[in-house]
Every structure is written in C-alpha cells, then in structure tokens.
Amino acid sequence: MKTVTVQDLVNRFSLEVLAGKSELHRVITKPKTHRPGLEFVGYFDFFPQAHVQVLGRKEITYLHKHSEEERNLSIGNIVKYHPPCFVVTRSQEGLKYLKKYCEEEGIPLLRTSEPTSKFSDLMDNYLAKALASEITIHGVCVNVSGIGIILRGKSGVGKSETAHTLIRRGHRLVADDIVVLKKTSPETIIGSHNGKSKEFLALRSIGLINVSRLYGRRAFQDETRIVLDIELTKWQENDLNNDLELEPKFTDYLDVRIPHIEIQLQPGRDVAGLVEAAANNWYLKQQGYSAVEDFMKRLESDN
C-alpha cells in the first residue's frame, strides 16, 4: 500500500508545525481530507479517522464560542481516535487547547494561510495522485488536442516517430518508452513519466531529443487523463480494414476500461493524421455525435 507521511505534507504545502513535531513520520493512507462536524457533538459512527482533518473558520469559530469545558470535550473526543494530523486554515489563532491535546496524544497540528476550500481541494488532489495505484507500461503517451492517448506496439514499429510528428503539429509529449499509469478514481487513469525521462523522446537514427528545448515548452506536459489506447501494428493484407465502424474494443488498465483502436502501418500512410482523427472522433462521440449513425440516417432518408 502506498503511503504519504505528515512530513511530506509539511514540505509540499509549506505548513507551519504548531504541535507534534516528533510525530511527523506518521503515515496517511486515505486520499480525502475531512472537516469534523458531527464529531464535535459526539457522533462518531462514520468518523473517517484515517483522513487528514481540516479545521476551517467554521470549525474554529464553533469551538471558540463554547465554554472551555465544552470545547475540551469536543476536541478531546476527536483526538482520542488519533487521526494522522490536523490542519488549521486561514492562519487562525487562539489554538492553545488544540495544541494541548495534540501534544498529549502525539498528533501533529499544522497551520496554513490558505482558505479552507482551496486548501482542501489542493490537498485532495495531491493525496489522490500520491496514493493512487500505479503501473508502468512500454509505450508513448501524448496529448492530442487535450485528449490523452497511449501509443503502443512492438519495438521499432514507429511509436516515437509518430509522437514526433504529432509534436511538430502542435500536440504534446507526456512520456516516451516508460509510461506511468495512475488510477486516481474508479474511472480515471492518469498517464505520466517516471521523472528521469521527462521531456525526452528517443528517435531511431537520431538519438535522444529534448522536445521542450527543441520545440518550446508547449511541446511537453507532465500528465494527462488517458481516454484512448492506440496500438500500432504491421499492415495485414488479408485483413478487412474498411468497416464503417469496428466492434468496440477496450484495454483494461488497473480495472479501468480504455477504448482501444488498432492502426495498421503501411509506407506512405499518415499515421499521425490517423491518430488525430481518432482523437477528434472520440471527442465527437462524447458530445453525442456518431458519423456512422448520421450516414445511415441519410441512406434511410433516400429510401
């Protein structure tokens, strides 16, 4: 199981440590933050105790308005569940009672100047990616007009060369050779690089090129949501390649089904153009348009 430590959060978000400095090694395994509410009045049946607890202006104001006894009871009950840490937003003050209980229970108490909603969104996004299940595959990942695509195929089939043509047409490289796939939700796969290969593209007979240096910063992006899996294969003379619409196929990555397309290669064929057409056609289908259905309706109207 992947984990993140409280120290990772402190470093990532430049958080101020108010209490529990010796406990920053505590681990976080859940990707969502939680803002305590019903827990303050003693309801803990569904308390997500393994989540980062965020205390915004609403929560701190509520605690400030109560008597010391009531306040100590409210926060005292929560810390007994030992959540990984508390984060107070908007640089709020008057936290002596929080510091007291967090020190006693060994729970890090952190503070940020960020607004609560903004911080929660940033933290949720960070944790979702940092804790996501991931695999690595051999291939190329590109972003074509905002659409994330994996290009697969045997070594030497022309994946990197196709990516190079796409980059020259204004599209973006995400990863070459080693593609890291992360599952950030039940239906979402994010493609990225492994860090070492960032911005590099390997072209046969040319060698390594840095696409950002060669074509500008817009030629590269760190990650993209994967919505198409395209396999480049050698041309098969006896295959039927002129169907109006092929039977939908899918590739499973981390139990997420990604639409799969096979493009057969032949000298002189504009493979990059076909990848662009596949991306644009996928987009139109998401908007509810099918070229085949449109064509069939025209045929029927003539009868």
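Computed from a predicted structure; not experimentally measured.
For the side-chain hydrogen bond (donor to acceptor under 3.5 Å, both in side chains) with H82, the qualifying choice from E105, Q49, R26 is E105, the only one to do so. When each of V17, V54, L55 is paired with L110, the side chain to side chain contact (heavy atoms under 4.5 Å, CB included) condition holds for V17 and for no other.
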**Request:** Applying side chain to side chain contact (heavy atoms under 4.5 Å, CB included), run through I258 and V227 and close with a yes or a no.
**Result:** CA-CA 6 Å; I258 304 295; V227 298; 5.8 Å; no
**Request:** Could you check R257 against E187 for salt bridge (Lys or Arg N to Asp or Glu O under 4.0 Å), going step by step and ending with a plain yes or no?
**Result:** CA-CA 8 Å; R257 296 208 315 166; E187 298 179 349; over 6 Å; no
**Message:** Working note: R111 + E93, criterion salt bridge (Lys or Arg N to Asp or Glu O under 4.0 Å); need CA distance, chi angles, decisive distance, verdict.
**Reply:** CA-CA 10 Å; R111 184 163 60 185; E93 301 285 349; 3.5 Å; yes
**Request:** Please assess N194 against T136 for the test side chain to side chain contact (heavy atoms under 4.5 Å, CB included), listing each intermediate value before the final yes or no.
**Result:** CA-CA 9 Å; N194 66 354; T136 58; over 6 Å; no
**Asked** Taking it one step at a time, do L265 and K234 satisfy side chain to side chain contact (heavy atoms under 4.5 Å, CB included)?
**Response** CA-CA 5 Å; L265 307 181; K234 292 183 178 180; 6.0 Å; no
**T184 and K129: CA distance, side-chain angles, deciding distance, side chain to side chain contact (heavy atoms under 4.5 Å, CB included) verdict** = CA-CA 6 Å; T184 58; K129 293 177 181 177; 4.3 Å; yes
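V174 and G191 get closest at one heavy-atom pair: CG1-O, 3.6 Å. What you find for I107 and P83 is that their closest heavy atoms are CG2-O, 3.6 Å. When every heavy atom of P84 is checked against every heavy atom of H51, the shortest pair comes out as CD-O, 3.4 Å. Closest approach of N143 and G146 over heavy atoms only: OD1-N, 2.9 Å.
Heavy-atom contacts from other residues, nucleotides or ligands closer than 6.0 Å to CZ of R169 number more than 12. Sparse packing is recorded around CD of E68, with 12 or fewer heavy atoms of other residues, nucleotides or ligands lying under 6.0 Å away. Around the NZ atom of K58, the shell of radius 6.0 Å holds no more than 12 heavy atoms that belong to other residues, nucleotides or ligands. No more than 12 heavy atoms of other residues, nucleotides or ligands sit less than 6.0 Å from atom CG of D255.
Of the inter-residue distances, the one linking I78 atom CD1 with F47 atom CZ reads 5.5 Å to the nearest 0.5 angstrom. How far CD of E16 is from OG1 of T112: 9.5 Å, rounded to the nearest 0.5 Å. One distance of note links CG of D177 with OG of S160; it measures 7.0 Å at 0.5 Å rounding. Remark: E161 CD to L166 CG distance equals 12.0 Å, nearest 0.5 Å. Note that the OG atom of S290 and the CZ atom of F295 stand 12.0 Å from one another [nearest 0.5 Å]. Once rounded to the nearest 0.5 Å, the distance linking CG of D222 with CD of E199 reads 8.0 Å.
At a cut-off of 3.5 Å, with distance as the only test, no side-chain donor of T89 or E114 sits close to an acceptor on the other residue. Side chains of S117 and R35: a donor-acceptor N/O pair is absent below 3.5 angstrom, by distance only. Judged by distance alone, the side chains of N11 and Q7 do bring a donor and an acceptor atom under 3.5 Å apart. Side chains of E223 and H193: no donor on one and acceptor on the other come within 3.5 Å. The closest side-chain donor-acceptor pair between T233 and E262 falls under 3.5 angstrom. Checked by atom type, the side-chain pair N72/Y97 shows no donor-acceptor distance below 3.5 Å.
The hydrophobic cluster containing V256 does not contain I147, counting ILVMFWY residues as joined when their side-chain heavy atoms lie under 4.5 angstrom apart, directly or transitively. Cluster membership check: F119 does not share its hydrophobic cluster with L109, using side-chain heavy-atom separations under 4.5 Å among Ile, Leu, Val, Met, Phe, Trp and Tyr. A single hydrophobic cluster is seen to contain both V41 and I75, as judged by linkage of ILVMFWY side chains at heavy-atom distances under 4.5 Å, directly or through other members. I150 and I189 fall within a single hydrophobic cluster, where Ile, Leu, Val, Met, Phe, Trp and Tyr are joined by side-chain heavy atoms under 4.5 Å apart, directly or via other members. Placement of V140 and V180 in two distinct hydrophobic clusters is found when ILVMFWY residues are connected by side-chain heavy-atom separations under 4.5 Å, directly or transitively.
Panel note: side chain K183, backbone A132; no donor-acceptor pair is recorded below 3.5 Å. Using a distance-only test at 3.5 Å, with no hydrogens or angles considered, a donor-acceptor pair links the side chain of R269 to the main chain of Q264. Looking only at distances, no side-chain donor or acceptor of D8 sits under 3.5 Å from a matching main-chain atom of V4. Under the 3.5 Å distance criterion, the side-chain polar atoms of E39 are left unmatched by any main-chain donor or acceptor of P36. Looking only at distances, no side-chain donor or acceptor of D229 sits under 3.5 Å from a matching main-chain atom of P259. When atom types are taken as modelled, the side chain of H34 and the backbone of P48 share no donor-acceptor pair closer than 3.5 angstrom. K159 contributes a side-chain N or O that, together with a main-chain N or O of G153, makes up a donor-acceptor pair within less than 3.5 Å. With hydrogens and angles disregarded, a donor-acceptor distance shorter than 3.5 Å links the side chain of S67 to the backbone of E70. Between the side chain of N281 and the main chain of L284, no donor-acceptor pair closer than 3.5 Å is present. Checking side-chain atoms of R152 against main-chain N and O of I230 turns up no donor-acceptor pair under 3.5 Å.
Side-chain contact between L201 and I167 is present, with heavy atoms from C-beta onward closer than 4.5 Å. Put simply, the side chain of V271 reaches to within 4.5 Å of the side chain of L232, judged on heavy atoms.
For the pair R172 and F220, the cation-pi test (distance below 6.0 Å, angle within 45°) is failed.
Below 30°, between 30° and 60°, or above 60°: for Y62 and H66 the angle between ring planes is between 30° and 60°, a tilted geometry.
Classification of K100 and E104 as a salt-bridged pair holds, one side-chain N sitting under 4.0 Å from a carboxylate O.
Under the 6.0 Å cut-off for aromatic ring centres, Y215 and H164 qualify, their centroids lying closer than that.
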